[in-house]
Amino acid sequence: MPELPEVETVKRGLEGSIVNKKIEKIYLSGLSLRFPLPDNFTSMAINKKILSVSRRAKYLLIGLSGNLTIISHLGMSGSYRVLSSSESKNYTPAKHDHLIFDLSDFKVVYNDPRRFGYMVITTKSPEDHKLLASLGPEPMSNSFNEEVLAKSFLGKDRPIKNALLDQTIVSGLGNIYVCEALFRSKINPKKKVKRLVYANGSPKDSLILLKNKINQIIRDSIALGGSSLKDFSSAEGKMGYFQNTFRVYGREGENCISENCNEKIKRLIQSGRSTFYCPKCQK
DNA sequence: ATCCCCACCTGGCCGC
DNA sequence: TGCGGCCAGGTGGGGA
């Protein structure tokens with residue numbers, strides 16, 4: 001489900017309610033997530049105070065007392081829900097509720113139907129954990145810029161769609177935002193990345209535009225609370241609205257929205273994933 | 001090293 | 001109503 005803007009939306013919702021609370025109990029469904037929860041997960045997390053909630057790429061980082069960090073990835077269908085105190089009193093685990101954090105005043109539930117999500121707990125500084133160590137720059141940070149992209153793309157034959165989904169090049173983008181960024185930059189998803197870079201290694205204008213469109217989409221989507229497809233919502237249960245601004249994603253067979261373009265949006269499969277694009281506008 | 005592809009799951013939708 | 005097939009926001013790990 002969640003790409004960077006959705007995870008950021010979840011992060012903000014959790015941050016406002018769980019910081020400074022103590023984890024009193026943890027209930028487990030017993031079903032394995034993508035990886036089994038580490039044996040010591042519960043014993044390490046229990047009786048710790050939540051000090052911070054942050055995000056790196058699509059990972060949520062929950063900082064605990066004792067120099068511990070819970071690293072949580074939502075996979076395709078993971079979600080957090082902060083229950084009100086009355087909901088918490090009456091709560092009985094629902095289907096796909098896999099972890100319930102009892103914070104005394106209320107409960108926080110992690111639900112994940114497909115169980116592609118996972119959680120670990122680490123004593124390391126989280127950026128050194130192997131899950132995070134090879135991530136590329138955050139799209140909204142200064143370290144994400146056209147020079148960095150040009151350097152990764154110089155001489156490479158891979159299609160731009162695949163490269164943008166590669167979390168070591170830029171982190172946090174997923175299938176929706178890559179399709180949308182390429183459409184808004186008028187770049188064909190099959191274009192080889194080396195074609196966006198001059199032989200001397202400097203970025204072409206189209207690559208600079210792409211970088212700017214990625215920034216813009218991420219910023220706009222966060223402002224709208226992310227995209228709600230299926231049942232994505234924030235930790236407070238609020239829906240996002242960015243899906244109303246999709247121009248190509250999920251629009252196969254519909255007319256391209258560009259003025260003076262009468263082409264239909266096409267779908268193709270790249271690396272096993274659907275790409276939506278306009279063959280006429282995206283060169 | 002680099003890149004591609006599979007596997008991991010459940011559920012919703014569509015056509016028969 | 002039921003069933004099979006297809007599709008879905010991700011990514012670690014194995015193999016080419």
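Chain A is the first sequence line, chain B the second, and so forth, proteins listed ahead of strands; every chain is numbered from 1. Since the structure is predicted, the reported quantities are computational estimates derived from the model, not experimental observations.
- Atom CZ in A:Arg273 sits 9.0 Å away from atom SG in A:Cys179 (nearest 0.5 Å).
- Residues A:Tyr277 and A:Leu268 approach most closely at CE2-CD2, 3.0 Å, considering heavy atoms.
- If you check the side chains of A:Tyr27 and A:Tyr91, you find no donor sitting under 3.5 Å from an acceptor.
- Nearest-nucleotide positions on DNA chain C for A:Lys130 and A:Arg114 put A:Arg114 closer to the 5' end.
- Closest approach to the A:Leu229 side chain among B:dC5, B:dC8, C:dG9 is made by C:dG9 (side chain taken as heavy atoms from C-beta onward).
- For the P atoms, the distance linking C:dG13 with B:dC9 amounts to 15 Å, nearest Å.
- Residues A:Pro93 and A:Ser29 form no side-chain contact, since every pair of their non-hydrogen atoms from C-beta on lies 4.5 Å or further apart.
- The partner of C:dG14, taking Watson-Crick or G-U wobble pairs whose two distances both stay under 3.5 Å, is B:dC4.
- For the P atom pair drawn from C:dG9 and B:dC3, the interatomic distance equals 22 Å after rounding to whole Å.
- Here C:dG12 presents its P atom at 10 Å from NZ of A:Lys58, a figure rounded to the nearest Å.
- For the pair A:Lys161 NZ and B:dC4 C1', the interatomic distance rounds to 14 Å; values are reported in whole Å.
- We find that CZ of A:Arg273 is positioned 5 Å from P of C:dG9, with the value rounded to whole Å.
- Rounded to an integer number of Å, the gap from CG of A:Asn175 to C1' of C:dG9 is 8 Å.
- Distances shown here put every side-chain N or O of A:Asn162 at or beyond 4.0 Å from the OP1 or OP2 atom of B:dC3.
- Set against C:dC7, C:dG12, B:dC3, the side chain of A:Ser274 has C:dC7 as its closest nucleotide.
- No side-chain N or O of A:Ser52 forms a donor-acceptor pair with one of A:Ser54 less than 3.5 Å apart.
- Within the shown strands, B:dG12 is the pairing partner of C:dC6 under the Watson-Crick or G-U definition, both distances less than 3.5 Å.
- In this structure, the CG atom of A:Leu173 is 10 Å from the P atom of C:dG10, given to the nearest Å.
- Straight-line distance from the CG atom of A:Leu33 to the P atom of B:dT10: 12 Å, rounded to whole Å.
- For the pair A:Arg267 and C:dA8, the criterion of a side-chain N or O lying under 4.0 Å from OP1 or OP2 is met.
- Taking side-chain N and O atoms only, A:Arg115 has no distance below 4.0 Å to OP1 or OP2 of B:dC8.
- Counting non-hydrogen atoms under 4.0 angstrom, A:Tyr177 reaches nothing in the nucleic acid.
- We find that the ring of A:Phe116 and the base of B:dC9 do not stack by the test of centres under 5.5 angstrom and planes tilted less than 30°.
- For A:Ser271, the side-chain atoms get nearest to B:dC5 when compared with the rest of B:dC5, C:dG10, B:dC3.
- A:Phe246 comes within contact range of no nucleotide atom at all, as no heavy-atom separation falls under 4.0 Å.
- For A:Tyr118, the listed nucleotide lying nearest its side chain is C:dT11; candidates were C:dT11, B:dC4, C:dG9.
- If you take NZ of A:Lys95 and P of B:dC9, they are 15 Å apart, rounded to a whole angstrom.
- The residue A:Asp157 sits apart from the nucleic acid: no heavy atom pair falls under 4.0 Å.
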Does A:Lys213 form a side-chain hydrogen bond (donor to acceptor under 3.5 Å, both in side chains) with A:Ser185? I'd like the steps, not just the answer. CA-CA 7 Å; A:Lys213 291 295 182 186; A:Ser185 316; over 6 Å; no
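- In this structure, A:Gln167 reaches the C:dT11 phosphate: one of its side-chain N or O atoms is under 4.0 Å from OP1 or OP2.
- Here B:dC8 presents its C1' atom at 11 Å from CE of A:Met76, a figure rounded to the nearest Å.
- In the set C:dA8, C:dT11, B:dC9, the nucleotide with an atom closest to the side chain of A:His73 is C:dT11.
- Here A:Gly272 lies out of heavy-atom contact (under 4.0 Å) with every strand.
- Both A:Val108 and A:Leu74 sit in one connected hydrophobic cluster of ILVMFWY residues. Membership requires side-chain heavy atoms under 4.5 Å apart, directly or through other members.
- The nearest heavy atom of DNA chain B to A:His96 and to A:Arg34 marks one nucleotide each, and the one closer to the 5' end goes with A:Arg34.
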